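Okay, structure first, notes after.
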Amino acid sequence: MKRLLLGILQVAPLLLPALAIYAWQTSDLLPAGERVEAPAFERAGVTGDRFDIATLEGRPAVLYFFAPWCRVCAVSAPQLRWFDRWFSGSARIVLIAQDYGSAQEVADWAGKHGLDMPVLLGDAGTAAGYRIRGYPTYYVLDARGRIAARDFGVSTVVGLWWRTRGLGG
């Protein structure tokens, strides 16, 4: 028991600041518990096609806000790819780039990570509408386009599946 308490005391100084930062980063995100409608947007994709969020209605979706320079986003990329391959019939992933230099930089990043889902070019208005403070930030939408969950940080296949299960579709 004494060793356990000592271990907790050694880890607490590292864990508490990390939890405080996480709490700050997620504190201003759009609410998930009230199932408010996700802010509408229409954005260009890296391929030049236009994408309207309204096309997502009918099945759950994950809106994944990232930056090409973000190392955590790069770590999450394989998880997004696997989730899209394994669960694309039940939920859709849409990547939204922020803080990028050019559309080519975003396209190169998506290609490097083998991400073939829609990759949109976000802007300051998109970031403000979704209250993005850092990367990666993601929102899970139910089949009616309402925010069912939101989070910040590393994404996993299991975590995404858990957040999208039972949301209709």
Side-chain angles (χ1 to χ4, degrees), residues 22 24-32 35-88 90-157 159-164 167 169:
Y22 174 81
W24 174 79
Q25 289 172 321
T26 59
S27 66
D28 194 39
L29 292 177
L30 297 172
R35 294 285 175 103
V36 297
E37 192 163 327
F41 66 81
E42 183 179 331
R43 302 297 315 153
V46 294
T47 60
D49 297 341
R50 301 293 295 175
F51 184 92
D52 188 333
I53 190 173
T55 64
L56 294 175
E57 277 198 38
R59 67 177 171 162
V62 177
L63 302 179
Y64 186 85
F65 293 85
F66 75 99
W69 48 261
C70 168
R71 291 180 193 246
V72 177
C73 301
V75 169
S76 293
Q79 301 294 315
L80 298 172
R81 184 178 63 245
W82 295 331
F83 179 83
D84 186 57
R85 289 183 182 155
W86 296 340
F87 299 104
S88 63
S90 59
R92 187 166 185 194
I93 293 184
V94 177
L95 305 176
I96 304 163
Q98 298 290 149
D99 291 340
Y100 55 89
S102 68
Q104 188 60 53
E105 175 190 18
V106 176
D108 290 347
W109 185 88
K112 173 183 175 183
H113 295 289
L115 301 171
D116 56 4
M117 64 277 296
V119 181
L120 310 181
L121 302 172
D123 63 7
T126 312
Y130 282 85
R131 301 181 187 170
I132 305 301
R133 285 191 187 177
Y135 309 105
T137 297
Y138 58 97
Y139 286 90
V140 176
L141 309 183
D142 66 15
R144 293 177 51 197
R146 300 174 304 177
I147 299 171
R150 82 281 201 280
D151 213 340
F152 177 87
V154 174
S155 307
T156 65
V157 172
L160 292 170
W161 170 79
W162 185 259
R163 287 173 177 86
T164 57
L167 293 178

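Everything quoted here is computed from the prediction, not taken from an experiment.
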query = Would you call Val119 and Phe51 a side-chain contact if the rule is heavy atoms closer than 4.5 Å?
reply = no
message = Minimum heavy-atom separation for Gly114 and Arg85, please, with both atom names.
response = O-NH2, 3.9 Å
ask   = Would you say Trp109 and Cys73 make side-chain contact, with heavy atoms under 4.5 Å?
value = yes
remark   = Closest non-hydrogen atoms of Ala40 and Ile53, given as atom of the first, atom of the second and distance, are CA-CG2, 3.7 Å
ask   = If you round to the nearest 0.5 Å, how far is CD of Gln79 from CG of Asp84?
value = 13.0 Å
message = Before you tell me yes or no, could you show the steps for Arg133 and Phe152 under side-chain contact (heavy atoms from CB on, under 4.5 Å), namely the whole-Å CA-CA distance, both residues' side-chain angles and the distance that decides it to 0.1 Å?
response = CA-CA 9 Å; Arg133 285 191 187 177; Phe152 177 87; over 6 Å; no
query = With Asp99, which residues qualify under salt bridge (charged side-chain N to carboxylate O under 4.0 Å, His left out), at least two apart?
reply = none
task = Spell out, as yes or no, whether a donor-acceptor pair under 3.5 Å connects the side chain of Gln98 to the backbone of Ala67.
result = no
message = I'd like to know if the side chain of Ser155 reaches the main chain of Ser76, judged simply by a donor and an acceptor atom lying under 3.5 Å from each other, with no hydrogens or angles considered.
response = no
task = Apply salt bridge (charged side-chain N to carboxylate O under 4.0 Å, His left out) to Glu42 and list each qualifying residue two or more places apart in sequence or on a separate chain.
result = Arg50
key: Identified ring pair (Phe, Tyr, Trp, His ring centres under 6.0 Å) counterpart of Tyr139 within the set Tyr130, Tyr64, Phe41   = Tyr130
query = Do Ile132 and Ile96 come close enough that some side-chain heavy atom pair is under 4.5 Å?
reply = no
task = Rounded to the nearest 0.5 Å, what's the gap from CG on Leu160 to CG on Leu80? Could you check?
result = 6.5 Å
Partners passing ring pair (Phe, Tyr, Trp, His ring centres under 6.0 Å) against Trp69 (at least two apart in sequence or in another chain) = Tyr135
request  = For the pair Tyr100 and Val46, evaluate side-chain contact (heavy atoms from CB on, under 4.5 Å) and give the outcome as yes or no after the intermediate values.
outcome  = CA-CA 12 Å; Tyr100 55 89; Val46 294; over 6 Å; no
Heavy-atom closest contact (Gly153 atom, Val72 atom, distance) = C-CG1, 4.1 Å
query = For the atom pair CG (Leu115) and CD1 (Ile93), what is the distance rounded to the nearest 0.5 Å?
reply = 8.5 Å
query = To the nearest 0.5 Å, what is the distance between CD (Glu57) and CG (Leu141)?
reply = 9.5 Å
query = Just how far is it from atom CG of Asp142 to atom CZ of Arg59, taken to the nearest 0.5 Å?
reply = 14.0 Å
Check: His113 main-chain N/O paired with Arg81 side-chain donor or acceptor under 3.5 Å = yes
key: Derivation of the side-chain contact (heavy atoms from CB on, under 4.5 Å) call for Leu95 and Met117   = CA-CA 7 Å; Leu95 305 176; Met117 64 277 296; 3.7 Å; yes
query = Run the side-chain contact (heavy atoms from CB on, under 4.5 Å) check on Thr126 and Leu120 step by step: do they pass?
reply = CA-CA 11 Å; Thr126 312; Leu120 310 181; over 6 Å; no
ask   = Any side-chain heavy atom of Trp82 within less than 4.5 Å of one from Thr156?
value = no
key: Atom pair CG (Asp151) and OG1 (Thr137), whose distance is rounded to the nearest 0.5 Å   = 8.5 Å
